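On a predicted model such as this, the values are computed, not experimentally measured, just so you know. Each chain gets a letter, A, B and so on, in the order the sequences are listed, and its residues count up from 1.
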Amino acid sequence: MHLLKTQLLPLIESAMEGLGLDPSLAEKMLQPAREPDQGDLSLPCFPFAKTLGIAPAAIAENIKEAVPNHPSIGEVTAVNGYLNILAEPSWLAEQLLGGALEDGAGSAKRSVLIEHTSANPNGPFHVGRARNAILGDTLVRLHRLWGNDVTAEYYVDDMGKQVAVLAWALEHLSGDEVERLLAGREPVNPLWAGKADHERVRWYQAAQLLRKNSEDAANIEAAITKLVHASEHGDTSVLTAFEEAYQPVLDGMLETLGRLGIHFDRFTKESLFVTNGDVGRLMESLGNLEINGSADNGAQYLDLGARGLKGKTEFFYRRGDGSSLYATRDIAYHIWKWQQSNELINVLGEDHKLQAQQVGLTLEELGHKRPEVMFYSFIKLPEGKMSTRRGNVVFMDDLLEEAKAQAAAVVTELRPEYDQETIANIAEAVGRSAVRFNIINVSPEKGFTFRWQDALNFESGSAPFIMYSHTRACSIRKNVQEVDSSLLNGSVDTSSIGDIPEGMVALLRTLAVHNDRLEKVVREHRPHLFAEYLLHLANAYNSFYRDCHIIENGSVNQLYFALSELARNVLKNGMEGLGIVPLETM
RNA sequence: GGGCGUGUAGCACAGCUGGAUAAUGCACCGGCCUCCUAAGCCGGAGAUCGCGGGUUCGAAUCCUGCCACGCCCGCCA
């Protein structure tokens, strides 16, 4: 609790100094207590035992005696060698209602470029791809909540083999041929008929079959390879054909992402760096590096073993025919990104770890910084790995539709008086929020198994749980407005706060650590910790709601109401930070 | 084979820059709607923190060996 720590630190430091301890240790050792009932801040005194030759418990006791009274301190206790400090609740209330959270929010705005999703535009968005998008977008939102200036960017792979296959298929196969080839597979869900990502992926899949099984496979492969190479040399007619093939697919994917609340500020095409000459110039400078090497056919690589890379140390950036590779273009892209922003974050699947290492080392070799990377582990289904080929896949469109349907069923049961349109609006928001929260709630590096049951959980520990607390606060606001609308903007006198109920203390203490948590989450790229925080805050609000009746016998308790409003705001902003929709009624 | 990551109650998951009784949700048991939205609240039970060593006043956390799982080790993207 930084709010308390700034008050407390000088007091603890002088107390320690008086006892013959190094006061500079306090800054680091005064830490948040682990359990709430241990206090807000805690100082373990064990390390001091050696220097003083006194038992830790006695040291804690001595420091306790030496700490003077202060308005911020509620209670100081010495327990088992720990010095525990509890903030004074009325002081917390005064600080928080006086705007301490705004004052303490990220003052130094940074410019951050976050690249995420960047999925190949060759088919519908599925749940496996969703972890990147949801993680990335949440990071974008949380950085903005902290006050940073963020650009959310999608790197469009507009020249690889996948796009080439799609373009080839659309040019050479008729709809009938495609359906004949895919006869054994599940047809397009009628709900998504006409949505280009669902439609065109059929062409892609048919082409994949032909590449493997048809008599013509060799010719087809040659044709596709020719397209790939033409694109890599910047052939504009080929690149244009590619774009006509993938753009409608990408638009379909973006429509799905939009339904999840995910939007981008900029789309940057991979081909840009080929056509503008950046890649060519890059390969030239790489060729001049000390660690450059050449293969027999003229292909070139860097020996990154000399820079500490283990395993396979040769990093090829140029083919024998002189063309570039994906990673080469990625380096050119990063050099360009460093011109746009002074802080870069990439969201990448764990399969990209080696390449990220290669790109990072190469960037450093060229005198650039390496970007920060948030890696995540893949989502699989209970049946195993997700695979479009084997039909073992869950499309995001289907998941969102199902989530909405289930949410609508819950609303219909709980609020029979709502009309159809209201129910649909609530259900859409609840569905999207639940889906996002289910994924954001677990730490990225951990494996994730998608289960319908979890994604569609609307109870404690879910997005709807948080949403529900927020609607309570909104509902209270409406009720207060009916009692006396002048109270909505009124200030509250915090100078003489009397007894504070338990539920309110918990809420105050939770609110007080908001900025600490957000700062950490943004610094360490760990959105799931903020999800955990919001859950905790919603829970605290519910307890407050139980203990502190804001409107009783027709009169409004202004202190309670002011705190409810503060919590409502923090909840609302936090929900937006996670991409959860802050509904006012549900 | 090598590199990186993960392993915590029946299930899922937090804590991992060392600190106190390992947090939370689901499921399970028991209470709470004439009272601001019960998608809620309160209480209970449930954990050899993968296994073995080591460092430390103190280890889920750091080091090391082993086991299981995931990802990577293309002149693919």
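Stacking between A/Tyr545 and B/rC36 is shown: the ring centroid lies under 5.5 Å from the centre of the six-membered base ring, and the planes differ by under 30°. The ring of A/His549 does not lie on top of the base of B/rC35; it is either too far (5.5 Å or more) or too tilted (30° or more).
For the pair A/Ser475 and B/rU37, the criterion of a side-chain N or O lying under 4.0 Å from OP1 or OP2 is met. Regarding contacts with the backbone of B/rG40, every side-chain N or O of A/Arg546 stays at 4.0 angstrom or more from both OP1 and OP2. Residue A/Asn457 places none of its side-chain N or O atoms closer than 4.0 Å to OP1 or OP2 of B/rC26. Distances shorter than 4.0 Å separate none of the side-chain N or O atoms of A/Lys310 from OP1 or OP2 on B/rG1. An OP1 or OP2 oxygen of B/rC41 is reached within less than 4.0 angstrom by a side-chain nitrogen or oxygen of A/Asn542. Applying the 4.0 Å criterion to OP1 and OP2 of B/rA20, one finds that A/Asn84 has every side-chain N and O outside that range. The side chain of A/Arg472 places no N or O atom within less than 4.0 Å of a non-bridging phosphate oxygen (OP1 or OP2) of B/rU37. Put simply, A/Ser543 has a side-chain N or O that comes within less than 4.0 Å of OP1 or OP2 on B/rC42. Taking side-chain N and O atoms only, A/Ser564 has no distance below 4.0 Å to OP1 or OP2 of B/rC36. Between A/Arg526 and B/rG15 there is a side-chain polar atom (N or O) within less than 4.0 angstrom of OP1 or OP2. Not one side-chain nitrogen or oxygen of A/Lys380 sits closer than 4.0 Å to the OP1 or OP2 atom of B/rC71. Put simply, A/Thr471 has no side-chain N or O that comes within less than 4.0 Å of OP1 or OP2 on B/rA39.
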Are A/Glu232 and A/Arg329 close enough, and set up right, to give a salt bridge (Lys or Arg N to Asp or Glu O under 4.0 Å), and what steps lead you there?
CA-CA 10 Å; A/Glu232 279 163 6; A/Arg329 288 168 236 138; 3.1 Å; yes
Go through A/Glu417 and A/Arg415 one step at a time and tell me if the salt bridge (Lys or Arg N to Asp or Glu O under 4.0 Å) criterion holds.
CA-CA 5 Å; A/Glu417 70 276 18; A/Arg415 317 271 181 259; 5.5 Å; no
What's the verdict on salt bridge (Lys or Arg N to Asp or Glu O under 4.0 Å) for A/Glu519 and A/Arg523, showing C-alpha distance, side-chain angles and the deciding distance?
CA-CA 6 Å; A/Glu519 190 273 335; A/Arg523 177 164 39 86; 3.0 Å; yes
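As rounded to whole Å, 16 Å separates atom P of B/rA12 from atom CD1 of A/Ile379. In this structure, the CD atom of A/Gln358 is 12 Å from the C1' atom of B/rG3, given to the nearest Å. As a whole-Å value, the separation of A/Asn438 CG from B/rA14 P is 12 Å. In this structure, the CG atom of A/Asp454 is 6 Å from the C1' atom of B/rA12, given to the nearest Å. Spacing between atom OH of A/Tyr301 and atom C1' of B/rC73 amounts to 17 Å, rounded to whole angstrom units. Atom CD1 in A/Ile440 sits about 15 Å away from atom P in B/rC13, given to the nearest Å. Distance OH (A/Tyr468) to P (B/rA39): 4 Å, rounded to an integer number of Å. Between A/Lys446 atom NZ and B/rC49 atom C1' the separation is 11 Å, expressed in whole Å.
Nucleotide B/rG1 has B/rC73 as its partner under the Watson-Crick or G-U criteria, with both atom distances under 3.5 Å. In this entry B/rC13 has no Watson-Crick or G-U wobble partner, no candidate having both defining distances under 3.5 Å. Searching all strands for a Watson-Crick or G-U wobble partner of B/rG43 with both distances below 3.5 Å returns B/rC29. Across all strands shown, B/rA68 is found opposite B/rU6 as a Watson-Crick or G-U wobble partner, with both distances under 3.5 Å.
Applying the 90° criterion around 0 to the glycosidic angle, B/rC33 comes out syn.
Closest to the A/Arg329 side chain, of the nucleotides B/rA77, B/rA22, B/rU6, is B/rA77. The A/Ile476 side chain lies nearest to B/rC36 when the options are B/rC75, B/rC71, B/rC36. Checking B/rA39, B/rC42, B/rA77 against every side-chain atom of A/Val411, the shortest atom distance belongs to B/rA39. The side chain of A/Val442 lies closest to B/rA14, out of B/rC75, B/rA14, B/rC57. Ranking B/rA20, B/rC36, B/rG15 by closeness to the A/His528 side chain, first place goes to B/rG15. In the set B/rG15, B/rC75, B/rG5, B/rG5 carries the atom at the smallest distance from any side-chain atom of A/Lys353. Of all nucleotides listed (B/rA39, B/rC73, B/rU37), B/rA39 comes nearest to the side chain of A/Ile426. Distances were taken from every side-chain heavy atom of A/Gln355 (C-beta onward) to each of B/rC72, B/rA77, B/rC41; the shortest belongs to B/rA77. Candidate nucleotides B/rA12, B/rG40, B/rU37 were compared by shortest atom distance to the side chain of A/Asn479, and B/rU37 ranks first. Among B/rA60, B/rA77, B/rC41, the nucleotide with an atom closest to any side-chain atom of A/Glu232 is B/rA77.
When the shell of 6.0 Å around CD of A/Gln453 is examined, it contains 12 or fewer heavy atoms from other residues, nucleotides or ligands.
In this structure, a donor-acceptor pair under 3.5 Å is absent between the side chains of A/Glu372 and A/Asn346. For the residue pair A/Asn553 and A/Ser555, no side-chain donor N or O sits within less than 3.5 Å of a side-chain acceptor on the partner.
Within the 4.0 angstrom heavy-atom criterion, only backbone atoms of the sugar-phosphate kind lie near A/Leu325; the bases stay farther away. Within the 4.0 angstrom heavy-atom criterion, only backbone atoms of the sugar-phosphate kind lie near A/Gly447; the bases stay farther away.
One donor-acceptor pair, N or O on each side, does fall under 3.5 Å between the base of B/rA20 and the side chain of A/Ser42.
Side chain of A/Ser118 to main chain of A/Tyr155: a donor-acceptor pair is present (N/O by atom type, distance under 3.5 Å, no hydrogens or angles).
RNA chain B is contacted by both A/Gly298 and A/Pro47; A/Pro47 maps to the nucleotide lying nearer its 5′ end (nearest heavy atom per residue). If A/Phe458 and A/Asn441 are placed on RNA chain B by their nearest nucleotide, the residue sitting closer to the 5' end is A/Asn441.
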